[in-house]
A.B. asks: 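Next up is a structure, given as structure tokens.
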Amino acid sequence: EDDIPEFFSYRIRGWGGTDFVPVFELIQKKREDGEIERISGLIYLTDGDGTYPETKPDYPVFFLITGPYETRSPDWIQTLELTEKEKIQEGIKIYLDKDEYGHYRLSRELQRPFFILGPAGVGKTEMAEQLAKEMNLGFVSYSMTHHTRQSVIGLPAIVSRSIGTVNYQATEYTMSEIVDAIYEQIRKGWKEGILFLDEINCVSETLSALMLQLLQKKCLGPHKIPEGWVIVAAGNPGEYNRSARTFDAVTLDRMRVLEIEPDIESWMEYAVGRGIHPLILYYLQRRPEDFYFYLLGKKPELITPRGWTDLSDAIKACEEMRFAVDIPLISQFIHKDTTVQRFSDMYDFYSNFVRLEDIDQILSGQISQEFAHRMKNEKFQIKWMLEIVLLEQCLMQAHKISGGCKTPQDVSAHSGAGQWQNQLQNCLQFIEYIMGRGLELDYFIASLMRNRDAGMLLILKDSQWFWDLYRDMNPE
């Protein structure tokens with residue numbers, strides 16, 4: 001437990017040609033000497049280019065690739081490439097790294113802004129906001145389409161000046177609204193942060209020169225972006241936004257461009273922490289093709305992650321206020337008739353069998369024998385849907401505990417960690433009762449182990465009962 005903070009303090013660097021063999025030899029020697037009694041796996045932070053052992057070890061090996069590189073690794077090595085979000089996070093860490101004198105290693109002028117290019121509604125703003133929260137940074141967000149030249153560089157003011165015997169009047173500018181917002185965050189204690197500028201490729205012609213100045217010199221007119229604040233910009237490709245312009249070569253050469261596409265796996269991780277309605281998660285697991293859709297025509301069809309997120313909030317509000325969740329409501333957020341009909345049918349189907357109060361009773365271990373017996377004899381489809389809802393509830397609660405902690409010690413000492421353990425044990429006992437010890441229970445356990453927040457709680461808290469169950473399910 002004490003070693004984990006040190007592990008997360010390393011920065012990944014890769015230059016190719018690494019000899020990986022000595023690491024495996026060292027692990028083997030420590031096992032033979034009794035220093036390592038049990039090894040669950042090896043995670044190697046690398047670019048993946050180098051010399052590998054000739055024989056496969058008896059434990060899993062994961063290579064976290066900093067890429068993009070073409071690796072020639074053996075089949076028994078599982079490679080995990082960094083996501084676009086992780087690439088930005090790595091870049092921000094480099095920008096904010098300081099030398100022994102407390103000065104930033106890279107000057108402000110050398111810090112190329114990040115430019116996230118992707119379709120509308122895929123979560124570009126949410127990604128930047130998540131990064132700021134996870135890295136404990138300040139966050140200022142502006143949509144550039146809402147700005148005029150005056151709000152960007154300030155209002156002109158006439159001032160009197162003199163040089164020698166010559167007196168004259170000149171123009172100065174009041175503080176930029178954007179830079180002032182950063183100063184306000186600094187006054188609140190956020191000396192470092194992310195300045196997020198959305199729709200930067202949609203600015204008017206009057207702001208084009210200022211945007212180039214911002215990218216190159218990190219200033220807006222006479223106002224400099226404070227040191228410690230990293231610029232992350234975003235925009236939509238032209239086919240999604242008619243007002244979007246293609247950047248010329250000069251502008252592109254001053255940015256770090258990352259193109260993103262709708263990624264349901266990354267969104268699912270975000271959705272658990274965000275508290276997206278469990279039925280939306282269940283539906284998208286069954287029909288991932290409905291996660292994102294875009295088609296132009298007389299009646300444009302559009303489904304976006306933002307639409308699912310907003311629909312989740314609407315469903316929760318309707319359930320709390322006892323309003324109907326029906327096709328007229330769903331179609332306000334999901335603009336494709338077939339998907340609206342399918343989701344509406346699934347919601348009605350689920351609502352006829354399981355209430356939200358039942359979920360709370362399962363988590364608390366207070367479920368009635370009558371309900372447990374009824375669910376045991378239900379169709380597999382109903383039982384599977386209930387398992388997914390319970391899994392998402394457990395992952396959501398784990399995120400609320402682990403996600404808000406800065407260190408593993410904070411996770412271990414969290415007042416809600418013990419309650420989460422009890423709820424998880426109640427869930428697993430209920431699923432084992434209605435489904436038996438089969439693939440369904442194994443899926444639930446594996447999903448917990450793959451999740452960072454749940455995995456942290458299972459490792460750091462007294463979870464011997466969980467690992468005993470895991471070994472019983474996986475005797476090999």
A.B. asks: Looking only at atom types and distance, does a side-chain atom of N377 sit under 3.5 Å from a main-chain N or O of H373, one as donor and one as acceptor?
C.D. replies: yes
A.B. asks: Is it the case that more than 12 heavy atoms not belonging to R286 sit under 6.0 Å from its CZ atom?
C.D. replies: no
A.B. asks: Would the number of heavy atoms belonging to other residues, nucleotides or ligands and lying under 6.0 Å from CG of L439 be above 12?
C.D. replies: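 Atom CG in L439 is not crowded, with 12 or fewer foreign heavy atoms closer than 6.0 Å.
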A.B. asks: Looking only at heavy atoms, which two atoms of P113 and R254 are closest? And how far apart?
C.D. replies: CD-O, 3.3 Å
A.B. asks: Does N422 use its side chain to pair, donor to acceptor, with the backbone of S364 at less than 3.5 Å?
C.D. replies: no
A.B. asks: Taking all non-hydrogen atoms of both residues, which atom of L363 and which atom of C394 are closest, and how far apart?
C.D. replies: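 Minimum heavy-atom separation between L363 and C394: CD2-SG, 4.4 Å.
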A.B. asks: Just say parallel, tilted or perpendicular for the rings of Y347 and F343, cut-offs at 30° and 60°.
C.D. replies: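 Y347 and F343: tilted rings.
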A.B. asks: Just wondering, do I388 and L281 contact through their side chains at under 4.5 Å, heavy atoms?
C.D. replies: no
A.B. asks: What verdict does the side chain to side chain contact (heavy atoms under 4.5 Å, CB included) test give for D290 and T338, after you've listed the backbone C-alpha separation in whole Å, the side-chain angles of each residue and the deciding distance to 0.1 Å?
C.D. replies: CA-CA 10 Å; D290 283 345; T338 54; 5.9 Å; no
A.B. asks: Run the ring-ring contact (aromatic ring centres under 6.0 Å, His included) check on Y292 and W267 step by step: do they pass?
C.D. replies: CA-CA 11 Å; Y292 186 88; W267 186 82; over 10 Å; no
A.B. asks: If I compare all heavy atoms of Q111 with all of L106, which pair ends up nearest, and what's the gap?
C.D. replies: NE2-O, 3.0 Å
A.B. asks: Hey, mind stepping through E319 and H277 against side chain to side chain contact (heavy atoms under 4.5 Å, CB included) and telling me if it holds?
C.D. replies: CA-CA 11 Å; E319 289 177 342; H277 196 284; 3.0 Å; yes
A.B. asks: Rounded at 0.5 Å granularity, tell me how far CG in L214 sits from CD1 in I231.
C.D. replies: 4.0 Å
A.B. asks: So, are R342 and D337 salt-bridged, with charged N and O less than 4.0 Å apart?
C.D. replies: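 Looking at D337 together with R342, the answer is no, because their closest N to O distance does not fall below 4.0 Å.
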A.B. asks: Atom CG in L390, atom CD1 in I431: separation rounded to 0.5 Å?
C.D. replies: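 Reported value, rounded in 0.5 Å steps: 5.5 Å.
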A.B. asks: Assess whether side-chain hydrogen bond (donor to acceptor under 3.5 Å, both in side chains) is satisfied between D345 and Q341, documenting all intermediate values.
C.D. replies: CA-CA 6 Å; D345 291 344; Q341 186 64 59; 3.0 Å; yes
A.B. asks: If you take all heavy atoms of I401 and G416, which pair is closest and at what distance?
C.D. replies: CD1-O, 3.3 Å
A.B. asks: Check whether any side-chain heavy atom of E129 sits under 4.5 Å from a side-chain heavy atom of F196, and report yes or no.
C.D. replies: no
A.B. asks: Are any non-hydrogen side-chain atoms of F371 and M375 less than 4.5 angstrom apart?
C.D. replies: yes
A.B. asks: With a 4.5 Å heavy-atom cut-off, do I280 and I315 have their side chains touching?
C.D. replies: yes
A.B. asks: I want to check something: taking the side chain as every heavy atom from C-beta on, are D453 and L457 in contact at a cut-off of under 4.5 Å?
C.D. replies: no
A.B. asks: Determine, stepwise, if the pair K133 / Q130 fulfils side chain to side chain contact (heavy atoms under 4.5 Å, CB included).
C.D. replies: CA-CA 5 Å; K133 183 178 181 180; Q130 266 187 295; 5.8 Å; no
A.B. asks: Output, in order, the C-alpha distance, side-chain angles, deciding distance and verdict of salt bridge (charged side-chain N to carboxylate O under 4.0 Å, His left out) for D263 and K85.
C.D. replies: CA-CA 12 Å; D263 180 1; K85 175 184 169 184; over 6 Å; no
A.B. asks: Tell me whether the guanidinium CZ or amine NZ of K376 lies under 6.0 angstrom from the six-membered ring centre of Y433 and within 45° of its axis.
C.D. replies: yes
A.B. asks: Please check if the number of heavy atoms outside E259 that lie under 6.0 Å from its CD is greater than 12.
C.D. replies: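 No, CD of E259 has 12 or fewer neighbouring heavy atoms, counting only those of other groups under 6.0 Å.
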A.B. asks: Crowded around F323 CZ? As in, over 12 foreign heavy atoms under 6.0 Å?
C.D. replies: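 No, not enclosed.
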A.B. asks: With heavy-atom distances below 4.5 Å as the criterion, would you say the side chains of L386 and I359 are in contact?
C.D. replies: yes
A.B. asks: First locate atom CD of Q366, then atom CD of Q361, and finally report the distance between them rounded to the nearest 0.5 Å.
C.D. replies: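 Result: 7.0 Å between the selected atoms.
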A.B. asks: Distance check, rounded to the nearest 0.5 Å: L311 atom CG versus T304 atom OG1?
C.D. replies: 10.5 Å
A.B. asks: Could you report the tightest heavy-atom contact between N236 and N201, atom names first, then the distance?
C.D. replies: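 The pair with the smallest heavy-atom distance is O-ND2, 3.0 Å.
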A.B. asks: Checking K383 side chain against M435 main chain: does a donor-acceptor pair fall under 3.5 Å?
C.D. replies: no
A.B. asks: Okay, side chain of K124, backbone of P119: is any donor-acceptor separation there less than 3.5 Å?
C.D. replies: yes
A.B. asks: Is it true that a side-chain atom of Q332 and a backbone atom of P328 form a donor plus acceptor pair closer than 3.5 Å?
C.D. replies: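 A pair under 3.5 Å: yes.
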A.B. asks: Looking at CD1 of I303 and CD of E289, how far apart are the two atoms once the value is rounded to the nearest 0.5 Å?
C.D. replies: 9.0 Å
A.B. asks: Can you give me the closest heavy-atom contact between F115 and G235, atom names plus distance?
C.D. replies: CE1-N, 3.6 Å
A.B. asks: Working note: W384 + V389, criterion side chain to side chain contact (heavy atoms under 4.5 Å, CB included); need CA distance, chi angles, decisive distance, verdict.
C.D. replies: CA-CA 9 Å; W384 178 246; V389 172; over 6 Å; no
A.B. asks: Can you tell me how far CG of N136 sits from CD of E192, rounded to the nearest 0.5 angstrom?
C.D. replies: 9.5 Å
A.B. asks: Below 4.5 Å, heavy atoms only, C-beta onward: do I39 and I27 meet side chain to side chain?
C.D. replies: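 Yes, at least one pair of side-chain atoms sits under 4.5 Å.
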A.B. asks: Going by the angle between their ring planes, with limits at 30° and 60°, are F24 and Y59 parallel, tilted or perpendicular?
C.D. replies: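 Parallel.
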A.B. asks: Decide if the gap between the ring center of W229 and the ring center of F139 is smaller than 6.0 angstrom.
C.D. replies: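 No, too far apart.
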A.B. asks: Do the ring centers of F291 and W308 come within less than 6.0 Å of each other?
C.D. replies: no
A.B. asks: Between T51 and F20, is any pair of side-chain heavy atoms under 4.5 Å apart?
C.D. replies: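 No. Closest side-chain heavy atoms not under 4.5 Å.
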A.B. asks: Yes or no on side-chain hydrogen bond (donor to acceptor under 3.5 Å, both in side chains) for S143 and D198, after CA distance, side-chain angles and deciding distance?
C.D. replies: CA-CA 5 Å; S143 174; D198 198 10; 5.3 Å; no
